[in-house]
Amino acid sequence: MPPHPTRPEIDTAVPHNARIWNHWLGGKDNYPVDRELGEQIRAFFPEIVDNARADRAFLVRTVTHLVREEGIDQFLDIGTGLPTHNNTHEVAQALDPRARVVYADNDPLVLAHARALLVGTEEGRTDYVDADLTDPGAILEAAARTLDLDRPVALMLLGVLNFVGEDAVVRDVLDRLSEALAPGSFLVIAHPTDEVDHERAHEVAEAWNERGTPLLTMRSADRVRSFFAGLEMLEPGLVSCPLWRPDATEVGAARPVAEYGGVARKR
């Protein structure tokens, strides 16, 4: 897929969230500028790597639950980020080879890698669209080429709403996306918080916003919980990501990180 005609090419002089996240997860798809800022943040907040890994583990557990327990076989993953391991389609299609997954992102590097790496099963479908979260109409129109929006869909928004600064804008986007999805659909959100370690969380945000793109917004549990308004939250509600239905095989008690996660059903 060619770059969006109005979007600049990949800027390797400015740190970018997807590439920094990729660095924290141990990936290779990043540049010196991304590693520099990533290590600067990790120097005063080493737990940031735990946040990244907890976010990915949360994805695995939520997708597994939705496929196994809720019968979901369609996923719309917005703010995909760079492919690493245990991507949404890999988890879903390992459990149900017929599952269909659409990824949406607006970063040219992410899209270039998606074309090469996000390949699903023969029985299912995996697609990606070049679209911005704040343009839900374009996302839904493109997703409808792969997903049946008259049937339940799991909407995955992990580590992306924190790059939309205004709560009202987030709420409007979620309302428009949720309205288009069938009853029985699910909303999955993971979002960084400043409630676990307020001072250092804001140090992370300041360091990020000084050099990185797009700008980062931390939110409290109440603010994140408000994004699920009108939906039925699954137990245990909105919690630190490792505390959302931890696997019975995990060793030791799950330790909270500065990342909240929750899942809710549209009735």
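Quick note: residue numbers are just sequence positions, from 1.
- Aromatic ring orientation, Trp244 versus Phe58: perpendicular (interplanar angle above 60°, classes split at 30° and 60°).
- Leu147 contributes atom CG, which lies 6.0 Å from atom CG of Leu76 (distance to the nearest 0.5 angstrom).
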- Give the C-alpha distance, both sets of side-chain angles, the deciding distance and a yes or no for side-chain contact (heavy atoms from CB on, under 4.5 Å) between Lys266 and Leu187. CA-CA 8 Å; Lys266 177 182 177 180; Leu187 172 62; over 6 Å; no
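- In this structure, the side chain to side chain donor-acceptor pair (under 3.5 Å) partners of Asp222, at least two apart in sequence or on a different chain, are Arg225.
- Tested against Ser185 for a side chain to side chain contact (heavy atoms under 4.5 Å, CB included), the candidates Val153, Leu177, Leu155, Ile72 yield a single pass: Val153.
- Every side chain to side chain donor-acceptor pair (under 3.5 Å) that Arg19 has, sequence neighbours left out, goes to Asp34.
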- Applying side-chain contact (heavy atoms from CB on, under 4.5 Å), run through Val257 and Glu47 and close with a yes or a no. CA-CA 8 Å; Val257 300; Glu47 299 92 331; over 6 Å; no
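- The aromatic ring centres of His89 and Tyr103 sit less than 6.0 Å apart.
- With sequence neighbours excluded, no residue forms a ring pair (Phe, Tyr, Trp, His ring centres under 6.0 Å) with Phe44.
- Between Val224 and Thr193, the closest side-chain pair of non-hydrogen atoms is not below 4.5 Å.
- Going from atom CG of Leu216 over to atom CG of Asn162 covers 5.5 Å, rounded to the nearest 0.5 Å.
- Remark: Arg219 engages Asp167 in a salt bridge, criterion side-chain N to carboxylate O under 4.0 Å.
- In terms of the side chain to side chain donor-acceptor pair (under 3.5 Å) criterion, residue partners of Asp73 (sequence neighbours excluded) are, by chain and number, Arg151.
- At a threshold of 4.0 Å, the pair Glu203-Arg200 does not count as salt-bridged, since none of the basic side-chain nitrogens sits closer than that to a carboxylate oxygen.
- Residues Met218 and Leu158 do not share a hydrophobic cluster, clusters being chains of Ile/Leu/Val/Met/Phe/Trp/Tyr side chains in contact below 4.5 Å.
- Put simply, CG on Leu59 and CG on Asn87 are 8.0 Å apart, with the number rounded to the nearest 0.5 Å.
- The hydrophobic clustering, which links ILVMFWY residues whose side-chain heavy atoms are closer than 4.5 Å, places Val14 and Val204 apart.
- Using cut-offs of 30° and 60° for the angle between ring planes, the Trp24 and Trp208 rings count as tilted.
- Partners of Asp175 by side chain to side chain donor-acceptor pair (under 3.5 Å), not counting sequence neighbours, listed by chain and number: Arg171.
- With values rounded to the nearest 0.5 angstrom, Thr64 atom OG1 is found 12.5 Å from Glu70 atom CD.
- Between Leu234 and Phe186 there is a side-chain heavy-atom pair separated by less than 4.5 Å.
- Formation of a donor-acceptor pair under 3.5 Å by the Asn22 side chain with backbone atoms of Asp29 is found in this model.
- Listed for the Arg35 side chain is a donor-acceptor partner under 3.5 Å among the backbone atoms of Asn30.
- From Glu39, atom CD reaches atom CD1 of Ile48 across 11.5 Å, with rounding to the nearest 0.5 Å.
- Connection of Phe163 to Leu174 is not established within any shared hydrophobic cluster, with ILVMFWY side chains joined at heavy-atom distances below 4.5 Å, either directly or through further cluster members.
- Here Asp172 pairs with Arg176 under the salt bridge (charged side-chain N to carboxylate O under 4.0 Å, His left out) rule; sequence neighbours left out.
- In this structure, Val263 is a member of the same hydrophobic cluster as Val60, with clusters built from ILVMFWY side-chain heavy atoms closer than 4.5 Å.
- To the nearest 0.5 Å, atoms CD (Gln93) and CZ (Arg100) are separated by 10.5 Å.
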